[in-house]
Amino acid sequence: MTARPYDAVLCDIDGVLRHWPTVSDIESSHGLPAGTLAAAAFAPARLHPAITGEITDEQWRSAVAADLAEMCGSLDRAHAAVADWSNLVPRVDHEVVSLLAQARTVATVALVSNATTRLEWDLARQGLDDLADTVVNTSRIGAMKPDPHVYVMAAAQAGAPVHRCLFIDDTAANVTAAREVGMTALHYRQIEDLRSALAPLLNTAPGAQHT
């Protein structure tokens with residue numbers, strides 16, 4: 001039997017496993033210029049405390065509403081816009097789900113995400129909470145990618161040495177950081193990238209067809 005090349009697969013969530021819709025319709029319906037919601041929500045001063053656990057998801061969204069109050073005309077209107085944005089549901093890439101499920105038959109699978117305290121609820125509502133063996137939510141560990149601490153913690157949670165991990169992310173800086181701590185890493189752009197990266201591992205699965 002062929003030896004498996006990795007003991008753990010560590011996969012990013014947003015931009016790989018799931019994809020969020022645009023917010024242009026919400027901005028338009030609330031009289032906001034295009035790009036306003038993203039600019040307010042993802043400004044580093046707002047986002048970083050939320051994805052490192054300094055504040056909760058609820059506190060983050062309330063702060064975003066407060067930032068938008070003047071532009072919306074009132075705090076109530078801003079909260080309504082943020083509520084509509086918060087109710088968006090991402091599209092799940094079921095090909096990625098299938099590949100990760102296959103990988104899990106021969107290796108530990110971990111989801112690793114720069115996320116707020118809402119991540120676990122978000123995964124559960126779309127039936128993704130059992131996809132992986134473990135979930136590394138940066139808001140629970142006090143650090144965010146590309147901080148090396150995230151990769152070391154993720155490997156530890158997966159029960160694998162860093163050099164035995166395959167890390168997958170759609171952000172180049174996060175991929176570079178993974179390589180710097182000793183992981184094999186894939187800069188994800190399309191499903192074929194993931195299929196190719198996992199092929200050597202899936203070929204070690206019981207019943208795999210070897211060519």
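Values below: all heavy atoms of this structure, side chains included; hydrogens, waters and symmetry mates excluded.
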Novice: In this structure, are over 12 heavy atoms from other groups packed under 6.0 Å from E70 atom CD?
Specialist: no
Novice: Give a yes or no answer on whether the side chain of N87 reaches the backbone of D84 with a donor-acceptor pair at less than 3.5 Å.
Specialist: no
Novice: Contact between E180 and T176 at the side-chain level, heavy atoms closer than 4.5 Å - yes or no?
Specialist: yes
Novice: Is there a chain of hydrophobic side chains (I, L, V, M, F, W, Y, each step under 4.5 Å between heavy atoms) that links V97 to L201?
Specialist: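 Shared cluster, yes.
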Novice: Please report the interatomic distance NE2(H187) to CG(D169), rounded to the nearest 0.5 Å.
Specialist: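 One finds 7.5 Å between NE2 of H187 and CG of D169.
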Novice: Are V106 and M183 connected into the same hydrophobic cluster when the rule is that any two of I, L, V, M, F, W, Y join if their side-chain heavy atoms are below 4.5 Å apart?
Specialist: no
Novice: Could you check Q102 against S98 for side chain to side chain donor-acceptor pair (under 3.5 Å), going step by step and ending with a plain yes or no?
Specialist: CA-CA 6 Å; Q102 292 174 59; S98 177; 3.3 Å; yes
Novice: Using only atom types and a distance under 3.5 Å, with no angle test, would you say the side chain of S28 pairs donor to acceptor with the backbone of S24?
Specialist: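 Flag not set: sc S28 to bb S24 has no pair under 3.5 Å.
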Novice: Are the side chains of L198 and L166 in touch, meaning some heavy atoms are under 4.5 Å apart?
Specialist: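 Touching, per the 4.5 Å side-chain cut-off.
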Novice: Using a 6.0 Å cut-off, check whether atom CZ of R4 has over 12 heavy atoms from anything other than its own residue.
Specialist: yes
Novice: Where do Y151 and A178 come nearest, in terms of heavy atoms and distance?
Specialist: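 Residues Y151 and A178, closest heavy atoms: CE2-CB, 3.6 Å.
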Novice: Counting only N and O atoms by type, is there a donor-acceptor contact under 3.5 Å from the side chain of W60 to the main-chain atoms of A41?
Specialist: yes
Novice: If hydrophobic clusters are built from ILVMFWY residues whose side chains come within less than 4.5 Å, do V162 and V175 share one?
Specialist: no
Novice: Looking only at heavy atoms, what is the nearest atom pair of A197 and Y6, with distance?
Specialist: O-CE1, 4.1 Å
Novice: Under 4.5 Å between any side-chain heavy atoms of I13 and L128, yes or no?
Specialist: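 Contact flag for I13/L128 side chains = no.
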Novice: State the OG1-CG distance between T138 and N114, to the nearest 0.5 angstrom.
Specialist: 4.5 Å
Novice: Out of curiosity, Q157 CD to I141 CD1, how far, rounded to the nearest 0.5 Å?
Specialist: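 Nearest 0.5 Å value for the CD-CD1 distance: 7.0 Å.
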Novice: State, to 0.1 Å, how close D7 and A107 come at their nearest heavy-atom pair, and which atoms those are.
Specialist: O-CB, 3.5 Å
Novice: Given I51, which partner from the list T117, D57, T116 fulfils the side-chain contact (heavy atoms from CB on, under 4.5 Å) test?
Specialist: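 Only match with I51 under side-chain contact (heavy atoms from CB on, under 4.5 Å): T116.
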Novice: Kindly indicate, with the supporting measurements, whether the criterion side-chain contact (heavy atoms from CB on, under 4.5 Å) is fulfilled by R140 and M153.
Specialist: CA-CA 11 Å; R140 308 295 183 188; M153 286 286 292; over 6 Å; no
Novice: Looking at side-chain heavy atoms only, is the closest gap between V150 and N174 below 4.5 Å?
Specialist: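 They are not in contact (no side-chain heavy atoms under 4.5 Å apart), so the answer is no.
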Novice: Side-chain heavy atoms under 4.5 angstrom apart, residues restricted to Ile, Leu, Val, Met, Phe, Trp, Tyr: same cluster for V112 and V16?
Specialist: no
Novice: First locate atom OG of S196, then atom CD1 of I191, and finally report the distance between them rounded to the nearest 0.5 Å.
Specialist: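 With rounding to 0.5 Å, OG (S196) is 10.0 Å from CD1 (I191).
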Novice: Locate the shortest heavy-atom distance separating L131 from R104; write the atom from each residue and the value.
Specialist: O-NH1, 3.3 Å
Novice: Look at the side-chain heavy atoms of Ile, Leu, Val, Met, Phe, Trp and Tyr, link any pair under 4.5 Å apart, and say whether M144 and W20 land in one connected group.
Specialist: yes
Novice: If I take atom CG from residue D129 and atom CG from residue D122, how far apart are they, to the nearest 0.5 angstrom?
Specialist: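 So the gap between those two atoms works out to 11.5 Å.
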Novice: Which heavy atom of C165 sits nearest a heavy atom of A155, and at what distance?
Specialist: SG-CB, 3.9 Å
Novice: Would you check if L202 and L99 make a side-chain contact, meaning some heavy-atom pair closer than 4.5 Å?
Specialist: yes
Novice: So H79 and S62, side-chain contact (heavy atoms from CB on, under 4.5 Å) or not? Walk me through it.
Specialist: CA-CA 7 Å; H79 274 295; S62 291; 4.2 Å; yes
Novice: Nearest 0.5 angstrom please: M71 CE to R77 CZ, how far?
Specialist: 14.5 Å
Novice: Return the minimal non-hydrogen interatomic distance between R18 and P90, and the atom names on each side.
Specialist: CD-CG, 3.7 Å
Novice: I would like to know whether N137 and S139 meet side chain to side chain donor-acceptor pair (under 3.5 Å); could you show each step before the answer?
Specialist: CA-CA 5 Å; N137 177 350; S139 68; 2.9 Å; yes
Novice: Could you check if a side-chain atom of Y188 sits within less than 4.5 angstrom of a side-chain atom of V96, using non-hydrogen atoms only?
Specialist: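 Heavy-atom side-chain distance check passes, below 4.5 Å.
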Novice: Using the side-chain contact (heavy atoms from CB on, under 4.5 Å) rule, take F42 and L37 through it: C-alpha gap first, then chi angles, then the decisive distance, then the call.
Specialist: CA-CA 8 Å; F42 302 121; L37 266 169; over 6 Å; no
Novice: Checking side-chain contact (heavy atoms from CB on, under 4.5 Å) between L111 and each of L17, D12, V136, which is the one that passes?
Specialist: L17
Novice: Dump the intermediate steps for side-chain contact (heavy atoms from CB on, under 4.5 Å) on K145 and T171, then the final yes or no.
Specialist: CA-CA 10 Å; K145 297 177 289 184; T171 299; over 6 Å; no
